[in-house]
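Accompanying notes for the structure given below.
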Amino acid sequence: RLESIWDTWSDLSISDFYNKVGSYVGNNFYEKYEDDIKLLKSLHMDSFRTSMQWSRLLTKDGKLVVFHDDDFRRICGEKGKVEETDYARMRTYRLSRTGEKIPLLSEVLRLVDGKVPLLIEVKLPSADTEVCRRLDEELQGYRGKYMVQSFNSLVLRWMKKHRNEIPRGQLSENLTRKPDTTHYALRFCVKYLLSNCMCRPDFISYRWSDRKNPGLWLNRVLFKTPAAAWTLHGEKVSDFSSYKEGESPPVYIEGRGCLGE
């Protein structure tokens with residue numbers, strides 16, 4: 001495995017990582033695969049494959065970029081939000097004090113070229129679903145496998161209407177825990193997965209620390225919706241493997257300190 005930008009970030013600023021657990025713990029599947037396979041078996045999983053997960057955002061001038069955060073402060077040390085910045089200016093930013101730039105989605109797709117599956121998180125800060133249409137256009141000629149997930153149920157509703165054959169997942173957590181720009185009622189609906197009746201997700205990906213949620217339990221038991229957990233920081237996962245008969249089993253786990261991503 002070659003060194004990645006996350007390895008460089010770990011070397012330069014390990015204090016930025018939770019409990020100073022850097023990339024070499026979460027990304028060390030190459031050397032720890034035997035331990036990870038034993039962990040998979042303890043979770044009653046009978047299959048495993050690696051994949052890539054990136055977030056997609058639309059810039060001010062309509063470019064699709066691969067960048068996780070809504071703004072540049074944490075990763076680039078710059079002010080401003082992605083949707084308020086044109087790509088020409090964005091190309092002058094550097095990722096975590098390295099020489100790497102924020103890539104276009106088209107560049108990433110050419111690099112991956114169908115070699116591994118993609119899990120695409122769509123960031124939608126408003127009710128404007130233009131990013132969904134642009135993403136669909138970008139992926140029309142892509143020959144690899146992919147799924148789409150989002151915190152915003154409008155993304156999943158758009159996918160259900162226009163690309164129902166593409167697997168889609170509802171991301172969620174305790175969204176009412178802290179103030180947010182989004183209306184409380186909308187955050188409440190996504191927190192308890194009430195909007196699932198509108199967008200009909202194929203899977204749910206819920207924050208591990210917020211998993212004791214009646215909406216999540218109801219979807220797993222009543223609707224048999226596959227569930228995933230994020231983000232793990234080395235917590236014990238035995239109780240997630242002890243699902244009862246009639247519930248949908250967890251399908252994958254994201255996060256540092258558990259399985260290598």
Return the [atom1] to [atom2] distance between [X] and [Y], rounded to the nearest 0.5 Å.
| X | Y | atom1 | atom2 | value |
| --- | --- | --- | --- | --- |
| C132 | L58 | SG | CG | 10.0 Å |
| W217 | R220 | CH2 | CZ | 10.5 Å |
| E137 | L64 | CD | CG | 9.0 Å |
| K145 | L118 | NZ | CG | 12.0 Å |
| S106 | K63 | OG | NZ | 8.0 Å |
| I204 | Q149 | CD1 | CD | 12.0 Å |

Over all atoms of both residues, closest heavy-atom pair of [X] and [Y]:
| X | Y | answer |
| --- | --- | --- |
| I102 | M90 | CD1-CG, 3.5 Å |
| Q170 | N152 | NE2-N, 4.5 Å |
| L216 | A227 | CD1-CB, 4.4 Å |
| R73 | D71 | N-OD1, 3.2 Å |
| L105 | V66 | CA-CG2, 3.8 Å |

Checking V82 against D70 for the side chain to side chain contact (heavy atoms under 4.5 Å, CB included) test, could you report, in this order, the C-alpha distance in whole Å, the side-chain angles of both residues, the deciding distance, and whether it holds? CA-CA 6 Å; V82 174; D70 296 326; 5.9 Å; no
Under the ring-ring contact (aromatic ring centres under 6.0 Å, His included) definition, can you give me all pairs with a residue in residues 109-152, not counting sequence neighbours?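 Every pair satisfying ring-ring contact (aromatic ring centres under 6.0 Å, His included) with a residue in residues 109-152: F151-W230.
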For residues 106-132, which residue pairs pass the ring-ring contact (aromatic ring centres under 6.0 Å, His included) check, not counting sequence neighbours? none
For [X], give me all partners under salt bridge (Lys or Arg N to Asp or Glu O under 4.0 Å), at least two apart in sequence or on another chain.
| X | result |
| --- | --- |
| E138 | none |
| D35 | none |
| R94 | none |
| D69 | R74 |

Can you tell if the side chain of [X] reaches within under 4.5 Å of the side chain of [Y], non-hydrogen atoms only?
| X | Y | answer |
| --- | --- | --- |
| L156 | K160 | no |
| M159 | I166 | yes |
| R133 | D136 | no |
| V122 | L135 | yes |
| V131 | L57 | no |

Can [X] and [Y] be counted as having a side-chain donor-acceptor contact under 3.5 angstrom?
| X | Y | result |
| --- | --- | --- |
| K191 | T176 | yes |
| D61 | T59 | yes |
| Y206 | N213 | yes |

Side-chain donor/acceptor pairs under 3.5 Å, residues 194-203, sequence neighbours excluded:
from: S195; atom 1: OG; to: S153; atom 2: OG; distance (Å): 2.6
from: N196; atom 1: ND2; to: N219; atom 2: OD1; distance (Å): 3.2
from: D202; atom 1: OD2; to: R168; atom 2: N; distance (Å): 3.0

Flag yes if more than 12 heavy atoms outside K115 fall under 6.0 Å of its NZ atom; otherwise flag no. yes
Evaluation steps, side chain to side chain contact (heavy atoms under 4.5 Å, CB included), between I120 and M147: CA-CA 6 Å; I120 303 171; M147 299 190 298; over 6 Å; no
Donor-acceptor pair, distance only, cut-off 3.5 Å: does the side chain of S172 make one with the backbone of V190? yes
So, does R143 use its side chain to make a donor-acceptor pair with the main chain of D113 at under 3.5 Å? yes
Report the residues that fulfil side-chain contact (heavy atoms from CB on, under 4.5 Å) with [X], sequence neighbours left out, ordered by chain and then residue number.
| X | answer |
| --- | --- |
| E84 | K81 |
| R91 | Y87, K101, E107 |
| R177 | E173, N174, R207, D210 |
| E78 | F72, C76, Y93 |

Going through the distances and angles, do F67 and K123 end up as a side chain to side chain contact (heavy atoms under 4.5 Å, CB included)? CA-CA 10 Å; F67 193 71; K123 299 291 184 72; over 6 Å; no
Does D128 have any side chain to side chain donor-acceptor pair (under 3.5 Å) partners at least two apart in sequence or in another chain, and if so, which?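 Result, side chain to side chain donor-acceptor pair (under 3.5 Å) vs D128: none returned.
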Validate the cation-pi geometry between R211 and W208: distance from NZ or CZ to the six-membered ring centre under 6.0 Å, angle to the ring axis within 45°. yes
Please report the C-alpha distance between L193 and L218 in whole Å, then the side-chain angles of each, then the deciding distance to 0.1 Å, and finally whether the side chain to side chain contact (heavy atoms under 4.5 Å, CB included) criterion is met. CA-CA 9 Å; L193 304 171; L218 187 65; over 6 Å; no
